[in-house]
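Written below as structure tokens is the structure these notes are about.
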Amino acid sequence: TPFLLSQEQWNFGCNLMSTEENSWVLKTTEAPAPVPPPCRSPEQRLFTPNEAQHPPSEMEVQVEERCLEQVQTMVVGEVLKDVDTACKLLNIEPDPLGWNCVHVQKWLLWTEHLYRLPQVSVMFQELSGRDLCSMTEADFRQRSSQFGDILFAHLDIWRSAAAMKERCPPEDTADEDSWSDVMCNFPNQPIHLWQFLQELLLKPRNYSRCIRWLNKEKGIFKIEDSAHVARLWGIRKNRPAMNYDKLSRSIRQYYKKGIIRKPEVSRRLVYQFVNPVEWSARGE
DNA sequence: AACAGGATGTC
DNA sequence: GACATCCTGTT
């Protein structure tokens with residue numbers, strides 16, 4: 001796993017999330033009740049016969065691991081979001097290694113304010129981000145016996161977040177027309193209209209409002225917003241004057257070629273791929 | 001407004 | 001060849 005919160009960070013994060021003043025952290029998502037079930041008490045362990053307390057099956061273990069993974073992904077996502085917000089507010093970069101003394105002070109003041117710590121930033125004056133990163137937890141404690149560890153843990157979270165960003169760069173979460181879909185990743189790579197339509201159909205999360213499957217197995221799809229689909233096609237092909245009249249003419253060219261046809265019962269804005277087996281057979 | 005398909009031009 | 005554009009006519 002590329003990113004694992006230490007137990008300490010985890011607990012720290014949980015405490016932060018359960019602090020109700022911190023609407024800043026986790027405002028939309030429910031706090032994911034991340035506290036692991038307490039270990040079975042010693043007497044339970046002693047007095048429960050092995051047969052009755054059947055060990056978790058492999059599937060149960062897998063399910064649990066997947067749950068944990070999901071929770072972890074969620075927490076990491078929230079942390080990254082929070083880091084982003086703070087960076088914008090403070091006008092600093094996410095990676096502490098790039099901070100100068102002023103940035104460090106900004107970050108300290110922010111952290112103090114956010115978690116209601118007393119003023120400890122004075123103890124960290126004249127330190128750059130690089131200095132901060134080279135310090136051990138003991139060094140932090142030396143400067144602030146009470147809150148050094150908290151600051152250390154928090155800095156570690158930021159460093160981890162920066163490392164994460166480095167590892168998996170700009171994941172675009174655009175909900176509407178994610179630009180990379182419409183513009184192709186490879187400049188001017190020729191694309192066929194039927195391929196483009198399939199691309200849109202593959203991403204219902206982004207495009208189901210303008211085009212969606214009616215029957216995926218049979219390859220029947222419906223264009224819900226003809227103008228929108230035409231606009232997307234026009235962007236991809238660099239044809240600003242594209243409209244549904246012209247797009248549909250191109251679809252009709254497919255009739256003769258046996259790529260797309262009208263379904264048995266012809267319906268408005270509904271078409272059907274002739275051989276949907278080819279791509280559904282390759283699994284999804 | 002969508003549909004069908006011929007004609008013609010473009011890359 | 002695969003459209004893009006324009007057009008006539010139909011549903």
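Just so it is clear: chains get the letters A, B, ... in the order the sequence lines come, proteins before strands, and each one is counted from 1. Predicted model only: the values in this text are computed from it and were never measured.
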message: Under 4.0 Å between a side-chain nitrogen and a carboxylate oxygen: does that hold for A/Arg209 and A/Asp225?
response: no

Whole angstrom value for the distance that separates P of B/dC3 from CG of A/Asn243: 13 Å

query: For A/Arg261, what residues pass the side-chain hydrogen bond (donor to acceptor under 3.5 Å, both in side chains) criterion, not counting sequence neighbours?
result: A/Gln272

statement: To the nearest angstrom, the CD1-P distance between A/Ile223 and B/dA1 comes to 16 Å

C/dA4 phosphate, OP1 or OP2, under 4.0 Å from A/Lys246 side-chain N/O: no

statement: Sequence neighbours excluded, the answer for ring-ring contact (aromatic ring centres under 6.0 Å, His included) partners of A/Tyr244 is none

- line: A/Asp245 CG to C/dC3 C1', in whole Å, measures 14 Å

- prompt: Is a salt bridge present between A/Arg236 and A/Glu199, judged by a nitrogen-to-oxygen distance below 4.0 Å?
  reply: yes

query: What pairs of residues pass the side chain to side chain donor-acceptor pair (under 3.5 Å) test when at least one of them lies in residues 117-126 of chain A, not counting sequence neighbours?
result: A/Glu112-A/Ser121

query: Think A/Ser250 has a side-chain N or O under 4.0 angstrom from the OP1 or OP2 of C/dA4?
result: yes

field: Length of the CG-C1' vector between A/Asn238 and C/dA4, whole Å
entry: 13 Å

query: How would you label the contact of A/Ser226 with the nucleic acid (heavy atoms, under 4.0 Å): base, sugar-phosphate, or nothing?
result: sugar-phosphate

message: Run the ring-ring contact (aromatic ring centres under 6.0 Å, His included) test against A/Tyr271 and tell me which residues pass, sequence neighbours left out.
response: none

- request: Please state how far atom CE in A/Met242 lies from atom P in C/dC3, giving the value in whole angstrom units.
  value: 10 Å

Look for any protein N or O under 3.5 Å of an N or O in nucleotides 6-11 of chain B and output each such pair with its distance, or none.
{"residue": "B/dG6", "atom": "N7", "partner": "A/Arg249", "partner atom": "NH2", "Å": "2.9"}
{"residue": "B/dG6", "atom": "O6", "partner": "A/Arg249", "partner atom": "NE", "Å": "2.6"}

query: A/Tyr255 side chain N/O closer than 4.0 Å to the phosphate oxygens (OP1, OP2) of B/dG5?
result: no

- prompt: Just to confirm, is there a sub-4.0 Å distance from OP1 or OP2 of C/dC3 to any side-chain nitrogen or oxygen of A/Trp233?
  reply: no

query: Between residues 257-272 of chain A and DNA chain C, which residues have a heavy-atom gap below 4.0 Å?
result: A/Lys257

Integer-rounded Å distance: B/dG5 C1' and A/Tyr254 OH: 16 Å

Separation of C/dC3 P from A/Ile191 CD1 (nearest whole Å): 10 Å

query: Do any side-chain nitrogens or oxygens of A/Tyr244 fall under 4.0 Å of OP1 or OP2 in B/dC3?
result: yes

message: Apply the hydrophobic cluster definition, ILVMFWY joined by side-chain contacts under 4.5 Å directly or through others, and give me every member besides A/Val270.
response: A/Leu214, A/Ile220

message: Categorize A/Leu193 for me: base, sugar-phosphate, or nothing, with a 4.0 angstrom heavy-atom threshold over every strand shown.
response: sugar-phosphate

- request: Go through the structure and list residues passing side-chain hydrogen bond (donor to acceptor under 3.5 Å, both in side chains) with A/Arg252, not counting sequence neighbours.
  value: A/Ser248

Members besides A/Val265 in its Ile/Leu/Val/Met/Phe/Trp/Tyr cluster (side-chain heavy atoms under 4.5 Å): none

